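Note sheet for the following structure.
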Amino acid sequence: MIFLQMGFEEMPTNNYVESSFWNFDALFQPQQHPARDSHDTFFLREPSTTKTLPEDYVERVKQIHESGGHGSRGYGYDWKREEANKNLLRTHTTAVSSRMLYALAKKPFEAKRYYSIDRVFRNEAVDRTHLAEFHQIEGLICDRGLSLGDLQGVLHDFFSRLGMSKLRFKPAYNPYTEPSMEIFGYHEGLKKWVEVGNSGMFRPEMLLPMGLPEDVTVIAWGLSLERPTMILYGIDNIRDLFGHKVDLSLIKSNPICRIGL
Ligand code: FB9
């Protein structure tokens with residue numbers, strides 16, 4: 001409801017299986033980045049490789065990784081098509097954002113506000129707040145001449161509707177955004193600052209090879225669905241909220257969420 005009220009439209013996220021190309025390469029994430037090995041990512045044995053990719057666009061992505069362009073010097077490594085072809089369980093819904101922005105670039109430019117809320121998979125150590133899968137929430141705004149101030153503005157709007165009007169931003173790093181910011185919110189109930197997400201401006205090395213006009217900028221942010229829900233309902237262990245051990249009567253008896261409405 002919060003995203004719809006803010007004029008965002010939902011992205012189609014109904015594919016858990018994705019190619020490394022859309023999950024990583026299209027996002028200018030280099031092929032030797034640690035997140036791309038099987039310690040963090042679930043790769044598929046069958047089907048192990050993707051069938052089709054847009055060849056002309058793939059060539060431009062190869063260029064930007066290997067030798068740059070548009071003022072960037074790129075990464076200067078030998079980009080391998082077979083690495084990009086590998087199928088995996090998507091590690092973030094940002095993989096869907098890359099598909100949507102590429103689709104947008106194929107049409108006369110129109111500003112867009114998109115969001116996604118769906119499952120992502122990470123081969124990480126599980127503990128009371130982490131499982132090998134969680135739901136990512138992502139918002140992005142694609143328009144001409146957006147600034148970091150516009151990103152901080154929309155974050156204030158979004159999180160104030162989640163009951164957090166006081167935010168702090170900490171410089172961070174993502175391969176696909178520059179600048180990037182971790183987001184912290186003051187939680188009145190817990191009387192403390194909590195990390196509420198991550199954000200940034202998608203890099204030109206991601207957007208220009210897609211064919212988007214030079215002056216088009218994209219601001220984006222992400223968070224999880226499980227973390228706020230655990231805090232809101234005072235749930236200590238994520239297994240009580242999500243997964244095969246959940247007590248369904250708890251789900252049925254809990255009051256529905258009224259935040260932001
Ligand atoms: O959700 C998180 N915290 C959170 C969010 C809301 C909230 O609301 C209160 C109740 C009212 C409370 C807490 N986090 C993100 C922060 C931490 O929990 C963090 O430790 C774990 N993060 C997950 C990833 O862990 C590896 C949460 C998950 C996360 C982090 C970043 C992104 C998405 C999910 C992202 C992104 C992104 C960045 C740039 C461009 C596009 C997407």
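Values in this document were obtained by computation on a predicted structure and should not be read as measured data. In each ligand, atom 1 is the first atom listed, and ligand 1 is the first ligand listed. Counting begins at 1 with the first residue of the sequence.
Linking ILVMFWY residues whenever their side-chain heavy atoms come closer than 4.5 Å, directly or via other members, leaves Met201 and Leu27 in distinct clusters.
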Pairs under 3.5 Å, nitrogen or oxygen of ligand 1 with protein nitrogen or oxygen:
{"from": "ligand 1", "atom 1": "1 (O)", "to": "Ser224", "atom 2": "N", "distance (Å)": "2.9"}
{"from": "ligand 1", "atom 1": "1 (O)", "to": "Ser224", "atom 2": "OG", "distance (Å)": "3.2"}
{"from": "ligand 1", "atom 1": "3 (N)", "to": "Glu195", "atom 2": "O", "distance (Å)": "2.9"}

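Partner of Tyr102 under the ring-ring contact (aromatic ring centres under 6.0 Å, His included) criterion, chosen from Phe21, Tyr57, Phe202: Tyr57. Between Thr91 and the options Thr41, Asn123, Asp40, Asn23, a side-chain hydrogen bond (donor to acceptor under 3.5 Å, both in side chains) holds for only Asn23.
The distance between the ring centers of His156 and Phe169 falls below 6.0 angstrom.
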Salt bridge (Lys or Arg N to Asp or Glu O under 4.0 Å) assessment of Glu55 paired with Lys62: CA-CA 10 Å; Glu55 293 306 328; Lys62 173 182 171 70; over 6 Å; no
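Under 4.0 Å is where a charged nitrogen must lie from a carboxylate oxygen, and between Arg203 and Glu205 at least one such pair does.
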